[in-house]
Structure formats: structure tokens, C-alpha cells
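A short worksheet on the structure shown next.
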Amino acid sequence: MSTQLGTLEELPQEYRDAMSQIAVAPLWPQMRKVLPHDAPMPVTQAHCWAFSDIRPLLLRAGELTPVEKAERRVLFLVDPGRGAGAMQATSTIYVGMQLLLPGETAPAHKHTPSAARIVVEGEGGYTVVDGDRLPMEAGDLILTPGGCWHDHGHCGSKPVIWLDALDLPLFYYLEASYAVEAPLQTPRNRPDPSEVEYRAAGLAPARRRDIAPPPSYPMMRFPWKRTEQALREYARHGDNGIVELDYINPETGASCLPTLGFTAMMLRQGKSVKPVRRSASAVFHVIAGKGHSTINGKRHDWSAKDVISAPVFAAIDHVAEGDDAFLIRIHDAPLQEKLGFYEERNR
Ligand code: GTQ
């Protein structure tokens, strides 16, 4: 198996010019770059963004730029492997920290990419998704799937900050990304489906499926309180392995969004967790606790509200220090499964 397939430089200059002129190029000098042996060569570099670094700059954005002007007041997290301005934390995952000040609203829009929010700080924020008003409490996961109208508001008294996660890089690359704007929605005067139709795990409304098929996105809000409770019980009575729960569509059991997966994790204090190497890339958001993750040999220390990225096939060890830690892993396994290549490898 050759690793070197010939270079562009060894070809005569006049031949290279002739190719450029008619807009063609030889594959062989670039073949190994696009088809490396045995495993991909990720561009993504693992990184840890400390919330304590982002917060002051985000609050400053609140002074510098009114929300009316910004539409969405967000600082997005830039993969160091891609460099300045890259709207990617990994190959497929965009994440940003969004700020809404008391009394502000972010106008309604819908777009082709799907999004989800994880609430980081503050009380009184809400997102209206297709007419349902979803309260945003710390740690809640709020979905705004592609094609669903959403606007944000804030009736509390202190700044609200949440983490946005979108499959924007994929949609942008597909030349499929665009948004449609609209005025604020008038929310229905009832609690959201997580409080009504899907109040308890394993229960879903009985429907005449022939005339009323379940909605594609039946539940848009996953309250953190319930998730934490479920993780703690699972940790107490589960098989003592890795304590993880996937966020799923309660009607179908499929991932809660089409391309992005969300997995709640509990790390028991002092215990090292070494998951399999996955073909999916990941972004971890720390809900509570502190610890460190060694990713491909490099240690990243983290505490509550921080964000850590990991490239595809990363070897990752997590350790929670002091107390149990809770994280949400955002990943692209659902996309890879749909495309038929999701893979896990032993280390
Ligand atoms: O809140 O709708 O970070 O449309 C990027 C694009 C947030 C949003 C982002 C968006 C939004």
C-alpha cells in the first residue's frame, strides 16, 4: 500500500497550467488526503471553552449590540482546527452561546437546519415553538427542529444565557441553509406537551392513528429536573456501566432530531469513564460538577457550564472530581446512522 501517490510538482508546469485553464485537476496527488487509510483524518481539534471566559464577552455584546439589530445575540464557538471565523465546533456541529436580556425578544423565524438549546443561566426565558410556549429552566433541552417557527422571550429580571446547537455546517455545505422571518407568535394558553401529553416516560396519548398520526416532533422540551432524576436512579440501579440516557422522540424512539443526537451523562465522582471510540464527533456541555477529560492524550479541565469538543474517533477518558458530574453530549451519530456508516471501535 503506497502512501505517496505522486505530487503535483513533479508534473510539467505547462501541463499544470493547461489543466487549470480548462478547470480540471489530477486526483492522485490528493487521493490520500480525501481517502486516508483505515480512519478519517479529522480537521477538528479538541477544545475546552470556559464559560467564565465567554460570559463577560457575551454580556458586553448585550451593551454593544441591541437585540433588534442582532436578531440573535450569539457568540459562536470556533474550532481551533479550522481557525478564525469558522462557524463549526466540529465537522457537523455548530454551537453558540446566546444572550437575552430582561424584556427582550428575538423575533420568530424558521430555517432548514435544526436547532436545540440547553439553558445555561438565568430564569424567566422562554422559547415559543410552533405556538407552544416552552419555559427555559437551567439544563432544559429545548428543540427547534428544521421548519418549525421559533421565537425567544424573557420575562425574568436577570440575563438569560443558553447554548444553541445546530446542524448548520451540514446544511450550509449542502447549500440548503436559509431562514424565513415572521412576527412574534401568539402562544397557546396551555402548558407544553412535556407537561401534558408526555408527562411520564413510556406513556403517549392514545390516538386514532389512521386519522391523527402523531406529530413528527411531539415533545420539544425535556426538563432537566426529570433527566437528572432519571440518571440518578439509573446510576443506583443500572448495570454499573456508563450512565447515559438518549433524548428520544417519545412516539417513535428515534433520536429527538434527525441529524443531531443528545445524550445525558452522569459521571460518578472519582470514577474514570472510557467510552468506545466513535465515528461521531461530539460537543459536551457541563450541566453540573467539575472534572477533566483526556481527549487523544491531551487533558482538558472543566467545570459547570463549560463546553468541550471532540473530533471523530477520539479516545476520551472522563473523570469527575469532588462530586458526581452531569453533562449533555451533543453528537452526530443519528446523521451517521442514517447514512449507514456509524461505527464504534474498541480502544
Ligand atoms: O436562536 O434561532 O445560534 O437561528 C444560530 C442561528 C441561534 C436561533 C443561533 C439561529 C439561532
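Residue numbers count from 1 along this sequence. All ligand and atom numbering here is 1-based and tracks the order in the structure. Here the structure is a predicted model, which is why all the values come from computation and not from measurement. Hydrogens, waters and symmetry mates play no part in the numbers below; they use all other heavy atoms, side chains included.
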Using the benzene-type ring in the case of Trp, are the ring centres of W49 and H47 under 6.0 Å apart?
-> yes
For atom 6 (C) of ligand 1, grab the closest protein heavy atom and report residue, atom and distance to one decimal in Å.
-> L166 CD2, 4.0 Å
Residue, atom name and distance, where the atom is the protein heavy atom closest to atom 8 (C) of ligand 1 | R72 NE, 2.9 Å
Find out if a path of hydrophobic residues (ILVMFWY) with successive side-chain heavy-atom gaps under 4.5 Å connects W224 to V119.
-> yes
Give a yes or no on whether a salt bridge exists between E195 and R190, defined as a side-chain N under 4.0 angstrom from a carboxylate O.
-> no
Which residue and heavy atom of the protein sit nearest atom 7 (C) of ligand 1, plus the separation = D164 OD2, 3.3 Å
Closest protein heavy atom to atom 5 (C) of ligand 1, given as residue, atom name and distance to 0.1 Å | Y94 OH, 3.5 Å
Closest non-hydrogen atom pair between S279 and F341, with its separation = OG-O, 3.9 Å
Any atoms of ligand 1 less than 4.0 Å from a non-hydrogen atom of H150? List them with their elements.
-> 2 (O)
Shortest reach to atom 2 (O) of ligand 1 by a heavy atom, considering only H109, K110, H152 = H109
Atoms in ligand 1 with a heavy atom of V74 nearer than 4.0 Å | 3 (O)
Centroid-centroid under 6.0 Å between H111 and H150 rings = yes
Output the distance between atom CD1 (I118) and atom CE (M136), rounded to the nearest 0.5 Å.
-> 10.5 Å
